[in-house]
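So that the names make sense, note that chain A is the first sequence line, chain B the second, and so on, each numbered from 1.
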Protein chains: 2
Amino acid sequence: MTDPAAGGLLARFAAARQDLGRSSTAARIADLLREQITNGELRPGERLPEEELCKAAKVSRNTLREAFRLLAHERLLVHEFNRGVFVNKLTADDLVDLFHVRRILECEGVRHAGGAAPGAIAALDAAVADGERAAARDDWRGVGTANIRFHQGLAALCGSPRVDEMMRHLLAELRLVFDVMGSPREFHEPYLARNRELTTILQRGEFAIAERELRMYLDDAERQIAGRYREREQAAG
Amino acid sequence: MTDPAAGGLLARFAAARQDLGRSSTAARIADLLREQITNGELRPGERLPEEELCKAAKVSRNTLREAFRLLAHERLLVHEFNRGVFVNKLTADDLVDLFHVRRILECEGVRHAGGAAPGAIAALDAAVADGERAAARDDWRGVGTANIRFHQGLAALCGSPRVDEMMRHLLAELRLVFDVMGSPREFHEPYLARNRELTTILQRGEFAIAERELRMYLDDAERQIAGRYREREQAAG
DNA sequence: GATTGAAGGATTGTTGAACGAGAAATAGAG
DNA sequence: CTCTATTTCTCGTTCAACAATCCTTCAATC
């Protein structure tokens, strides 16, 4: 095909062509489902009946099943043999593990931020600035989205496509938890300033300090979410 | 269903029952394909034609497609829209990234091995012993399998199900590389002693030393594989 | 020789109908 | 209430069909 040594115009043209509507219906349905899960329309524990969903989506049941398989690997759906497919419902253990792996990946990124690609720290700054702008116009969903981008950017300091993908999955799973957190404002607001502070420390090249700060931040966030989880489970009886 | 507080006999029975033939045909076909990929019968770059494969496996094409979707998330297969499904072929960049992420996960495990679950270091010892036994009877495939178990065990020192899964995928991908490594004996033999040494250091509780040793080990392994890769690509012209 | 365009064949992606198996719900008896 | 049997629902799979796309081959032109 395209000679990899040819760089420039031809390589860019080929790459751009690759993106033009070249996705399967199954992938598109998976995107749709992912969107509904992460924006809260499909809730944790909810069952996804094939017949209903394929009619609503106007696709065949086989195609829907392929989409389900695509989403199962992101842990957004849980496939239970002969019982159907459910939106994943995180347990307290899941939460502990999620934060554990976040610590591994995000702290690794921060620890080695000195060797990160040129624009990686600038991207953090941009995410924080976007969050601040969204807060200024009371767009708390936008703040949440910028926050997610910020954390994706911390792991991206590792400069590893596989780490990036793992982090995407972790953050998608974490999105399932926002359900229990109540007001987006109340949840996200305190972290805006902390994101700004972390970014400033990183820009100063104080990576060990940044790592320490990030650990405390993640500990606090975990404690907060776990606390709400416990309340929720007690309220459910 | 089973009361989670009921522990003991009933919980163990329910868990065992969960494993009894409760997998779909799609999952079973995926297992079969995974086995063929990891033992070298299906080679990197090879295309998997649906019509042929579904006839050979005696399943319907829809079921085979579901199996493909299941394997794509492990990066063992690459799904190219409208062109078919291929056994993944690792690039030199993939190799660098694989070792990068291995360093993150395995070194994290070793660094914090002091807090690992009680049997975790014993499991490393068992894997090394199995490798030594396999070598003694000239079973070099068995040595390779024990080596993989050893590395899975290093990451398992983290005590995280998500890390375990990530590591499983990394090691499965790495299996794709063994194709280029020639003689299993030549490849695996030097690492037997190093696995034994690493385990001994861990058993002595010298975790920082173990981490240093593991980094050198992974650097050496990476250099070796990358060298063979370059040779192979030059030989291919 | 190289390049382009057209045609044909192969295969992928999707659809819909059908059927069997397993789980869940319901009904009836003690 | 518990237990058992039956019914209903839906999941998992199969099959056949068709449209769309890709790949290969061939012919024409420079």
Taking N or O atoms only and anything under 3.5 Å, show me the protein contacts with nucleotides 6-11 of chain C, one pair per line.
residue, atom, partner, partner atom, Å
C:dT11, O3', B:Arg47, NH2, 3.1

Would you list the protein and nucleotides 15-17 of chain C atom pairs, both N or O, that sit under 3.5 Å from each other?
residue, atom, partner, partner atom, Å
C:dT15, OP2, A:Ser60, N, 2.9
C:dT15, OP2, A:Thr63, OG1, 2.5
C:dG16, O6, A:Asn62, OD1, 2.8

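Looking at residues two or more places apart in sequence or on another chain, you find no ring pair (Phe, Tyr, Trp, His ring centres under 6.0 Å) involving A:Tyr229. Residues passing the salt bridge (charged side-chain N to carboxylate O under 4.0 Å, His left out) test with B:Arg43, sequence neighbours excluded: B:Asp179. When the side-chain contact (heavy atoms from CB on, under 4.5 Å) test is applied to B:Ala27, the partners found at least two apart in sequence or on another chain are B:Ser23, B:Ser24, B:Leu70. With sequence neighbours left out, the ring pair (Phe, Tyr, Trp, His ring centres under 6.0 Å) criterion links B:Phe68 to no other residue. Evaluation of the side chain to side chain donor-acceptor pair (under 3.5 Å) rule for B:Glu46 yields no partner, not counting sequence neighbours. Legend: residues meeting side chain to side chain donor-acceptor pair (under 3.5 Å) with A:Glu52, ordered by chain and number and at least two apart, are absent. For the side chain to side chain donor-acceptor pair (under 3.5 Å) test, no residue two or more places apart in sequence or in another chain qualifies with B:Asn62. Judged as a side chain to side chain donor-acceptor pair (under 3.5 Å), and not counting sequence neighbours, A:His188 has no contacts.
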Could you pull out all donor-acceptor pairs under 3.5 Å where a side-chain atom in residues 153-178 of chain B meets a protein atom, sequence neighbours excluded?
residue, atom, partner, partner atom, Å
B:Ser160, OG, A:Asp97, OD1, 2.6
B:Ser160, OG, A:Asp97, OD2, 3.4
B:Ser160, OG, B:Arg162, N, 3.3
B:Ser160, OG, B:Val163, N, 3.0
B:Arg162, NE, A:Glu173, OE1, 3.0
B:Arg162, NH1, A:Asp97, OD2, 3.0
B:Arg162, NH2, A:Asp94, OD1, 3.2
B:Arg162, NH2, A:Glu173, OE2, 2.6
B:Glu165, OE1, A:Arg75, NH2, 2.3
B:Glu173, OE1, A:Arg162, NE, 3.0
B:Glu173, OE2, A:Arg162, NH2, 2.6

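Taking 4.0 angstrom as the limit, B:Arg65 places a side-chain polar atom (N or O) nearer than this to OP1 or OP2 of C:dG13.
Of all the residues in residues 73-80 of chain B, B:His79, B:Glu80 reach under 4.0 Å from DNA chain C with at least one non-hydrogen atom.
When the C1' atom of C:dG22 is taken as reference, atom CG of A:Asn82 falls 5 Å away, rounded to whole Å.
Rounding to the nearest 0.5 angstrom, the gap separating the CD atom in A:Glu66 from the CZ atom in A:Arg69 is 10.0 Å.
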